[in-house]
Enquirer: 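Quick one: the structure is below, and I'll ask about it shortly.
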Amino acid sequence: MSGTSRRGFKRQKALEILTRLKRLYPDAICSLKYDTPVQLLVATILSAQCTDERVNKVTPALFDRFPDAAALAGADISEIETLVRSTGFYRNKAKNIQGACRAIVEKFGGQVPKQMEQLLELPGVARKTANVVLAHAYGINAGVTVDTHVKRLSYRLGLTSQTNPVKVERDLMPLLPQEDWENWSIRLIYHGRAVCAARKPACDRCILADLCPSVDRTVS
DNA sequence: ATCCCGAGGG
DNA sequence: CCCTCTGGAT
């Protein structure tokens with residue numbers, strides 16, 4: 001089989017997966033709470049190795065105390081640390097939040113930049129965070145958000161053989177229409193939480209089981 | 001013990 | 001590639 005038709009097969013499969021997941025999760029949206037692009041950026045930095053539910057428990061108090069980039073840039077770092085502590089990695093996260101906000105104030109007029117390259121200059125921001133902010137704050141589909149769920153499900157479904165998230169993203173982008181890139185990530189995240197869990201995937205009630213090479217077909 | 005919408009450094 | 005950063009939930 002040629003590389004072109006193998007990709008065609010995977011593309012067909014990816015589109016079928018997306019169609020089914022759109023039906024299963026018709027109202028899937030970004031589950032982080034925020035009012036502004038800066039707040040979404042901060043919430044996304046906090047979401048590293050942490051559930052969104054936990055992030056949403058700390059951000060109301062954080063944004064009440066420090067509502068924008070200027071406030072976070074001028075904050076006492078230890079106060080940020082205290083407010084975000086329960087999300088884990090709290091010293092790095094506080095430092096990155098403040099560092100990113102200072103750069104936003106000094107270089108970008110207090111607004112989150114809309115260019116991928118500029119976002120990647122911010123401390124604590126790599127492609128995953130940049131993709132989330134661009135897609136949900138600005139409606140810009142610069143890439144495919146690859147978090148732990150998107151990586152795991154894309155691998156299990158046989159759409160990538162990579163484990164490095166940047167390589168997973170490169171494999172996924174040509175398989176999906178650009179306008180569906182964030183739809184893909186959001187639905188896979190929902191499905192990863194509800195069905196295709198890391199430890200005990202519920203293959204017996206998965207609507208993608210017939211398409212999935214990783215499904216446990218053994219009968220007990 | 002393992003995982004959660006990661007990123008940076010070696 | 002590897003390791004570290006960190007707390008909470010299961």
Side-chain angles (χ1 to χ4, degrees), chain A residues 18 21 25 27-34 37 39-59 61-62 77-78 80-104 112 116-138 140-157 160-170 172 176 180-202:
Chain A
L18 184 58
L21 292 182
Y25 309 109
D27 303 317
I29 53 163
C30 177
S31 47
L32 294 168
K33 290 195 289 191
Y34 64 97
Q39 291 185 357
L40 177 59
L41 176 67
V42 171
T44 308
I45 290 173
L46 291 175
S47 73
Q49 295 297 297
C50 178
T51 60
D52 286 11
E53 193 183 350
R54 170 61 49 188
V55 173
N56 288 336
K57 283 181 181 169
V58 312
T59 46
L62 180 66
I77 189 75
S78 65
I80 301 178
E81 288 178 356
T82 301
L83 286 165
V84 306
R85 186 176 184 282
S86 71
T87 67
F89 299 157
Y90 65 94
R91 281 185 287 264
N92 279 337
K93 286 176 180 176
K95 192 196 310 174
N96 287 334
I97 286 167
Q98 184 160 71
C101 285
R102 286 182 174 167
I104 285 170
V112 178
M116 173 64 78
E117 290 73 24
Q118 296 176 328
L119 278 164
L120 295 179
E121 291 174 20
L122 303 175
V125 178
R127 288 197 62 91
K128 184 261 168 177
T129 300
N131 278 328
V132 168
V133 172
L134 288 171
H136 295 285
Y138 295 136
I140 298 170
N141 297 304
V144 178
T145 299
V146 178
D147 75 320
T148 183
H149 296 290
V150 175
K151 179 175 80 165
R152 183 180 68 253
L153 270 67
S154 299
Y155 182 85
R156 284 180 177 170
L157 287 162
T160 181
S161 55
Q162 302 293 331
T163 54
N164 178 309
V166 174
K167 293 180 182 172
V168 173
E169 185 182 359
R170 276 210 301 267
L172 290 176
L176 297 157
D180 278 317
W181 283 352
E182 198 58 22
N183 283 324
W184 173 265
S185 298
I186 286 288
R187 263 68 180 201
L188 256 62
I189 290 166
Y190 270 65
H191 200 59
R193 287 186 189 131
V195 178
C196 192
R199 268 179 280 196
K200 204 165 74 72

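The figures that follow rest on heavy atoms only: side chains count, while hydrogens, waters and symmetry mates do not. Each chain gets a letter, A, B and so on, in the order the sequences are listed, and its residues count up from 1. Here the structure is a predicted model, which is why all the values come from computation and not from measurement.
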Enquirer: Rounded to whole angstroms, how far apart are NZ on A/K57 and C1' on C/dG7?
Expert: 13 Å
Enquirer: Would you mind telling me which residue lines up with the more 5' stretch of DNA chain C, A/T51 or A/K167, judged by nearest nucleotide?
Expert: A/K167
Enquirer: Side-chain contact, heavy-atom cut-off 4.5 Å: A/L21 with A/Y190?
Expert: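 Heavy-atom side-chain distance check fails, nothing below 4.5 Å.
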Enquirer: Please report, rounded to the nearest Å, how far the P atom of B/dC5 is from the CG atom of A/N183.
Expert: 19 Å
Enquirer: Checking contacts here: which listed nucleotide (C/dT6, C/dG7, B/dC5) is nearest the side-chain heavy atoms of A/F89?
Expert: C/dT6
Enquirer: Counting only side-chain nitrogens and oxygens, does A/R54 get under 4.0 Å of the OP1 or OP2 atom of C/dA9?
Expert: yes
Enquirer: Identify, residue by residue, the members of residues 116-126 of chain A with a heavy atom below 4.0 Å from DNA chain C, and return them in order of residue number, or none.
Expert: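 Here the set is empty: none.
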Enquirer: Across the strands shown, which category fits A/R199 at heavy-atom distances under 4.0 angstrom: base, sugar-phosphate, nothing?
Expert: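 Base contact - A/R199 has a heavy atom under 4.0 Å of at least one base atom.
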Enquirer: To the nearest 0.5 angstrom, please state how far the CZ atom of A/R187 sits from the CG atom of A/L18.
Expert: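 Taking CZ in A/R187 and CG in A/L18, the distance rounds to 7.0 Å.
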Enquirer: Go nucleotide by nucleotide along DNA chain C from the 5' end; which of A/G88 and A/T163 gets its closest nucleotide reached first?
Expert: A/T163
Enquirer: Using atom P of each nucleotide, how far apart are B/dG10 and C/dT6 to the nearest Å?
Expert: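 My reading of the P atoms in B/dG10 and C/dT6 gives 16 Å.
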Enquirer: Show every donor-acceptor pair shorter than 3.5 Å between a side-chain atom in residues 120-130 of chain A and any protein atom, with sequence neighbours excluded, or say none if there are none.
Expert:
| from | atom 1 | to | atom 2 | distance (Å) |
| --- | --- | --- | --- | --- |
| A/E121 | OE1 | A/K107 | NZ | 2.8 |
| A/R127 | NE | A/E169 | OE1 | 2.7 |
| A/R127 | NE | A/E169 | OE2 | 3.3 |
| A/R127 | NH2 | A/E169 | OE2 | 2.7 |
| A/K128 | NZ | A/S47 | OG | 3.2 |

Enquirer: Measuring to OP1 and OP2 of C/dT6, would you say a side-chain N or O of A/R85 lies under 4.0 angstrom away?
Expert: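 A/R85 to C/dT6 OP1/OP2: no side-chain N or O under 4.0 Å.
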Enquirer: Could you check how far CG of A/N92 sits from C1' of B/dG6, rounded to whole Å?
Expert: 11 Å
Enquirer: With a non-hydrogen cut-off below 4.0 angstrom, is A/I186 in contact with a base, only sugar-phosphate, or nothing?
Expert: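 It contacts base atoms.
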Enquirer: Measure from NZ on A/K151 to C1' on B/dA7 and round the result to the nearest Å.
Expert: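 Interatomic distance, NZ of A/K151 to C1' of B/dA7: 13 Å.
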Enquirer: Report the distance from atom NZ of A/K93 to atom P of C/dT4, rounded to the nearest whole Å.
Expert: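 Whole-Å distance recorded here is 18 Å.
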Enquirer: Assign A/R193 to base, sugar-phosphate, or nothing according to its heavy-atom contacts below 4.0 angstrom with the strands shown.
Expert: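 The answer is base, as A/R193 lies within the cut-off (heavy atoms under 4.0 Å) of a base atom.
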Enquirer: Round to a whole Å and report the spacing from NZ of A/K95 to C1' of B/dA7.
Expert: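 Atom-to-atom, A/K95 to B/dA7, this comes out as 12 Å.
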Enquirer: Classify the nucleic acid contact of A/T129 as base, sugar-phosphate or nothing, counting any heavy atom under 4.0 Å across all strands shown.
Expert: sugar-phosphate
Enquirer: Quick check: do A/D147 and A/V150 have side-chain heavy atoms less than 4.5 Å from each other?
Expert: yes
Enquirer: I'd like the P distance from B/dC5 over to C/dT10, given in whole Å.
Expert: 12 Å
Enquirer: Is A/T145 close enough to B/dC5 that one of its side-chain N or O atoms is under 4.0 Å from OP1 or OP2 there?
Expert: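 A/T145 to B/dC5 OP1/OP2: no side-chain N or O under 4.0 Å.
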Enquirer: Return whichever of A/N96 or A/C30 has its heavy-atom-nearest nucleotide of DNA chain B closer to the 5' end.
Expert: A/C30
Enquirer: Is the number of heavy atoms from other residues, nucleotides or ligands under 6.0 Å of A/Y25 OH greater than 12?
Expert: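 Counting other residues, nucleotides and ligands, OH of A/Y25 exceeds 12 neighbours.
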Enquirer: Among A/L46, A/T87, A/T82, A/V55, whose side-chain contact (heavy atoms from CB on, under 4.5 Å) with A/L62 holds?
Expert: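 Exactly one candidate clears the test, A/L46.
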Enquirer: Given atom CG of A/L153 and atom C1' of B/dC5, what is their separation to the nearest angstrom?
Expert: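 Nearest whole value for this atom pair: 12 Å.
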Enquirer: Would you tell me if any nitrogen or oxygen in the side chain of A/R152 comes within less than 4.0 Å of OP1 or OP2 on B/dC4?
Expert: yes
Enquirer: Taking OH from A/Y25 and P from B/dC5, how many angstroms apart are they, rounded to a whole number?
Expert: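 Spelled out: OH on A/Y25 to P on B/dC5 is 13 Å.
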Enquirer: B/dC3 and C/dC3: how far apart are their P atoms, nearest whole angstrom?
Expert: 16 Å
Enquirer: What's the separation between atom CZ in A/R152 and atom OG1 in A/T163, rounded to the nearest 0.5 Å?
Expert: 14.0 Å
Enquirer: If you measure from NE2 on A/H149 to CG on A/L188, what distance do you get to the nearest 0.5 Å?
Expert: 10.0 Å
